[in-house]
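Everything numeric in this text was worked out from a predicted model, so none of it was measured.
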Amino acid sequence: MSQTQKKQRKIRKERSQVCILSSWMSLVLFVNFSSFPFLLHTQYFFPLMNNQLCPSYPLPPITEGKQDEYRSILEEEVWQSRKKNFWPEASENIHMVTQRYETLVPSCNAKMFAGPFAQTVVLHGAAGVGKTTLAKKCMLDWTQAGQARARPAALYLSCKALSRRGPCTLSELLADTAPGPRRALPQLLARARTLLLVIDAFEELRVPAAALARDLGGDWGARRPAPVLLGGLLKRKLLPAATLLVTTRPEALGELRLVVEQPLLVEVEGLSEPERRAYLRRQLGGEAQARRAWQLMRSNAALLRLGSAPAVCWMLGACLRLPADEGDDPGRTCRTATSLLLRFLCSRFAPAPGSCPRPRPRAPLRALCLLAAEGVWAQTSLFEPRDLRRLGVREADLRPFVDRSLLLESGECAGCYRFLHLSLQHLLAAALYVLGGGEGGPGWGARGVRTLLSKEEGRRNPHLAHVGRFLFGLANEDRVRELGAAFGCPVSTELKHELLACTVRSPENGPFSSVTDTRETLCRLYESQDEPLVKEAVAQVTEVSLHLKDPTDLAHASFCLKHCERLQKLRLRVEKGVFLDDDTASGSEAQAAGSQNDEHVLPFWMDLCAVFDSNKDLVFLDISQTFLSTSSVKILCEKLSSATHHLQKVALKNVSPADAYQDFCVVFGGHETLTHLTLQGNDQDDMLPILCEILRHPKCNLQCLRLVSCSASAQQWAHLSSSLEINQSLTCLNLTANELTDESARLLCKTLRHPKCFLQRLSLENCHLTEACCKELSSALIVSQSLTHLCLAKNALGNGGVKLLCEGLSYPDCQLQTLVLWYCSIGSNGCHHLSTLLQQNSSLTHLDLGLNHIGITGLKFLCEALKKPMCNLKCLWLWGCAITPFSCEILASALGNNRSLISLDLGQNSLGYSGVKMLCNTLKLQNSSLRTLRSNKGGDQLMSCQRRHKSGLTDLVQVCMSRPGSTK
């Protein structure tokens, strides 16, 4: 090769590496490698697992000259496709992108390394973050690797084009995408081991996963539908030695994983926060303007999420430059995604200052909206000439939008178009519903507002959820009038009434019936920025469950729920990351980050906490699995203490930071209305003294206290015991999962014997109690006149412990009615003691022996008691007690003679067909009192038994894997 040829080749390579990244999609790429640290090593990014070559092409290797020609063609095609998707100012980010790309995604190569590494790599991320650009850059890097004799190759398949292609063979499918002459394809496939196959935009395929998984029958030379051939590639039936690189959006990731096996998932997150700030600084031309833009994005939850796409940052910067001379407030004009995109859309057709007004493209706007809506319903973002002809849209109608970079000419095929960003397509699809009159207006055929917002359609088409949010955004009269004024077209301002009728007032939709529905409903209402609409939407809401996953959810909830005035029950869960973790906020940089986080998030949190001021009927509050900060806890406690609410039930479960429990206990100490309090998951040992002060307070009306997994000393448990003797209101105490020493258990039993102790229900589940504690409990059962329910589940009491308990239970003054001994290491001897007790006219009516290996002998003892007329047992749980078919005859006989038992649980026992049949025969013939029977097998026989049972067997439950619901 001459020096001139080498120089030209170097220029081509440098141009391809730079220009491919000058697309708007590639302004900045961020790839999350936290779960795949080995990816930071170049040789592991695209490993090959075997040496299998494609058997159908035993051809000689590609020569170096042909490989250079192939790569040059590839570079030129990529360069031409990127040039069509280029807009001004994108090239300013080339150096930054290249540098960051080389840092996070080292050069891909086709070197072979041993080890069980994935051959299928999936790049997933939101629309517009740069997945396609990254994939094509990987193609160029791939073809550059290797030696002259084994130079690798790369092919590109677009699912947008595949969804429209007819039946073909695999060679025809790949030949359409291979650079250069088709005769070179067999030579490329002959070296499948060094072939990189890029499958781009899987979400555009529009084919069910079941169709992709269809078996090809081994004949991959036959003509098949293109999606079927693609399924063969993804499932490794075709070209199994090739390396696959697949790109998709998150909504299609689930279906993709049904097809590919053991993929390596890499998340492409787009612009990071520092890179967004840097880009806005360059675009706006100053630090002050960039800071204002960034504060706007930080305070706008929707924009913060969309801002990872470079196109959105560009649109935001373009909008912020507009009101500089008009004095408009950018925080108001760009508060939501709807207002930002709408302002950007209208600004592209606004006349320049001092110029004559230009004609308003009224008819082309309708055509563009119709095109966008059709794409949404068809789940595509690529529009071919035949799509335009079918809709009656002329290319001349689209030219004004192409000239203003709202619509881009796609490189997928000649005459194809796509929108600048997917969110812009969603907005224009929503706009079709507010354009008055004509085809595509409100009530547009079978694709009306009700259909668009229905849950069933939303499950089939994830795009509809985004369009629905923009539809609420256009319910704002100011926004829709802005659209009408900019394009000179009539618009409907009555959309809000139809939206309320289809969502909030629709019983089948249930907007607040689940956490997911609540999240979507709040998102839609926030997008409207219409406070009268929000007030009307939440006017009748009495119960809300919030799951705040990010600051976006917090902003939505705070905007909407502060207008809710009839709320009675509130459940709250806050994920880690919404507030800065105080445990990690060490050092000056972390403290600065914490200050910025508080400045951004805490105003929303204060608005959300205002719900305690506006809802006087709020009686139930549940805060679970929640990560707060010191500042957010302080705000919440201040609102709880100052508001004149009537909270009756409060549950705090696994709340961080741990010292928040102490603050909450201080707040609830003076609430006379509080009757139920749950504290779970606290590791602090300084919370129990404050809780004891609450119990000692003369105005304390607490009736039920659930204290789970509390770390406390023996002295603190003693303090609690003494507080129980003073408190006159507490009737239910749950100490599940607290490690009680023998001394702590003794003091608690002493409290039970106190004449002023009014406890009726006590749960000591998984409290590490031993047989030695049962003697104290037995003496307490003799004396206590109030205790009726005792749960000792998950304690290794053994047969000896049961014997001691039965001694106390046998006394006539014992009032205990329910005893839970689930998983207490009880055998047949323990059942013998219980049987003796039950035959003595005991007060015991409910007995849970689940997950104890009582066997045939133990069941025999229990059945002897059931036959006796003095047995008062009403409910018996024998879940997972190793009962066999041979035991059913004994049990059937006992049920035939018993007149008190109304509920029996035999779940998770191998009764067999014969055992179930024996029980059914007994129940059919005898006048049994049984009403509820649980079993994991024999459902048909039990149902037949229910139909014929004269005394009314009303509840037949088949239990397979779950524990029965005995009351603790």
Side-chain angles (χ1 to χ4, degrees), residues 126-128 249-251 297 300-309 312 315 334-345 369 372-373 375-377 379 381 419 421-434 442 447-455 457-480 482-483 495-496 498-504 506 509 511-512 514-531 533-534 537-538 547-561:
R249 295 188 199 129
E251 58 265 24
M297 183 176 288
N300 187 325
L303 292 184
L304 186 63
R305 183 182 66 252
L306 288 174
S308 61
V312 177
M315 288 187 281
C334 300
R335 184 170 296 171
T336 65
T338 302
S339 58
L340 169 67
L341 295 176
L342 188 61
R343 185 170 179 81
F344 175 77
L345 174 66
C369 293
V376 166
W377 287 99
Q379 301 189 52
S381 59
F419 287 89
H421 189 260
L422 188 62
S423 60
L424 187 60
Q425 179 182 345
H426 292 157
L427 172 70
L428 290 168
L432 185 63
Y433 291 85
V434 299
R447 298 175 178 177
V449 174
R450 184 172 297 276
T451 305
L452 175 70
L453 299 177
S454 70
K455 294 181 182 179
E457 287 294 334
R459 283 189 287 267
R460 286 196 290 258
N461 188 344
H463 293 274
L464 298 182
H466 301 283
V467 178
R469 295 168 192 168
F470 283 119
L471 204 56
F472 271 83
L474 293 175
N476 187 300
E477 294 184 7
D478 293 337
R479 299 284 81 78
V480 74
E482 181 183 359
L483 177 66
L495 180 62
K496 65 172 64 178
E498 188 172 5
L499 292 177
L500 289 173
C502 296
T503 54
V504 179
S506 175
N509 281 336
F512 295 99
S514 68
V515 173
T516 303
D517 293 335
T518 299
R519 192 167 184 249
E520 181 62 28
T521 301
L522 295 179
C523 179
R524 291 171 175 176
L525 293 175
Y526 176 85
E527 195 67 27
S528 72
Q529 290 295 299
D530 189 328
E531 294 198 2
L533 172 65
V534 175
V538 301
H547 185 181
L548 307 181
K549 298 182 178 180
D550 49 43
T552 302
D553 294 335
L554 177 58
H556 296 169
S558 65
F559 179 78
C560 300
L561 294 186

Quiz item: Do NZ/NE/NH1/NH2 and the carboxylate oxygens of Arg469 and Glu520 come within less than 4.0 Å?
Solution: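 Salt bridge present between Arg469 and Glu520.
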Nearest-0.5 Å distance, [atom1] of residue [X] to [atom2] of residue [Y]:
X: Leu306; Y: Thr336; atom1: CG; atom2: OG1; result: 10.5 Å
X: Leu561; Y: Thr518; atom1: CG; atom2: OG1; result: 9.0 Å
X: Leu499; Y: Tyr433; atom1: CG; atom2: OH; result: 11.0 Å
X: Leu342; Y: Leu483; atom1: CG; atom2: CG; result: 5.5 Å
X: Leu427; Y: Phe344; atom1: CG; atom2: CZ; result: 11.5 Å
X: Glu482; Y: Leu474; atom1: CD; atom2: CG; result: 10.0 Å

For [X] and [Y], work out which heavy atoms get closest and say how close.
X: Arg460; Y: Pro462; result: O-CD, 3.9 Å
X: Asp530; Y: Ala475; result: OD2-O, 4.0 Å
X: His426; Y: His466; result: ND1-CB, 3.3 Å
X: Leu471; Y: Ala430; result: CD1-O, 3.5 Å
X: Met315; Y: Leu340; result: O-CD1, 4.2 Å
X: Cys369; Y: Ala431; result: SG-CB, 3.9 Å

Please confirm whether the backbone N or O of [Y] pairs with a side-chain atom of [X], one donor and one acceptor, at under 3.5 Å?
X: Asp553; Y: His556; answer: no
X: Gln529; Y: Gly473; answer: no
X: Glu457; Y: Leu464; answer: no
X: Gln379; Y: Val376; answer: no

Heavy-atom side-chain proximity of [X] to [Y] below 4.5 angstrom:
X: Lys496; Y: Glu477; value: yes
X: Ser339; Y: Arg479; value: yes
X: His421; Y: Val312; value: yes
X: Thr552; Y: Tyr526; value: no
X: Leu345; Y: Leu341; value: no

Practice prompt. Could you give me the CA-CA distance, side-chain angles and deciding distance for Val467 and Trp377, then say whether side chain to side chain contact (heavy atoms under 4.5 Å, CB included) is met?
Written response: CA-CA 10 Å; Val467 178; Trp377 287 99; over 6 Å; no
Exercise for the section: List the steps, then state whether side chain to side chain contact (heavy atoms under 4.5 Å, CB included) holds for Phe512 with Val538. Expected result: CA-CA 10 Å; Phe512 295 99; Val538 301; 4.2 Å; yes
### Task
List the steps and the verdict of side chain to side chain contact (heavy atoms under 4.5 Å, CB included) for Leu495 and Val480.
CA-CA 10 Å; Leu495 180 62; Val480 74; over 6 Å; no
Notebook entry, point to check: Which residues pass the side-chain hydrogen bond (donor to acceptor under 3.5 Å, both in side chains) test with Asn476, sequence neighbours left out?
Noted result: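 For Asn476, no residue satisfies side-chain hydrogen bond (donor to acceptor under 3.5 Å, both in side chains) once neighbours in sequence are set aside.
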Practice prompt. Using the side chain to side chain contact (heavy atoms under 4.5 Å, CB included) rule, take Leu428 and Phe419 through it: C-alpha gap first, then chi angles, then the decisive distance, then the call.
Written response: CA-CA 10 Å; Leu428 290 168; Phe419 287 89; 3.4 Å; yes
### Task
Kindly write out the residues that satisfy side-chain contact (heavy atoms from CB on, under 4.5 Å) with Val534, not counting sequence neighbours, or none if the list is empty.
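Once residues adjacent in sequence are excluded, the partners of Val534 under the side-chain contact (heavy atoms from CB on, under 4.5 Å) criterion are Leu525, Ser528, Phe559, Cys560, His563.
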**Request:** For Arg249, enumerate each residue passing the side-chain contact (heavy atoms from CB on, under 4.5 Å) test, keeping only those at least two apart in sequence or located in another chain.
**Result:**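 Testing Arg249 for side-chain contact (heavy atoms from CB on, under 4.5 Å), a comparison that skips the adjacent residues, returns Ala127, Lys131, Glu203, Glu204, Glu251, Ser381, Leu422, His463.
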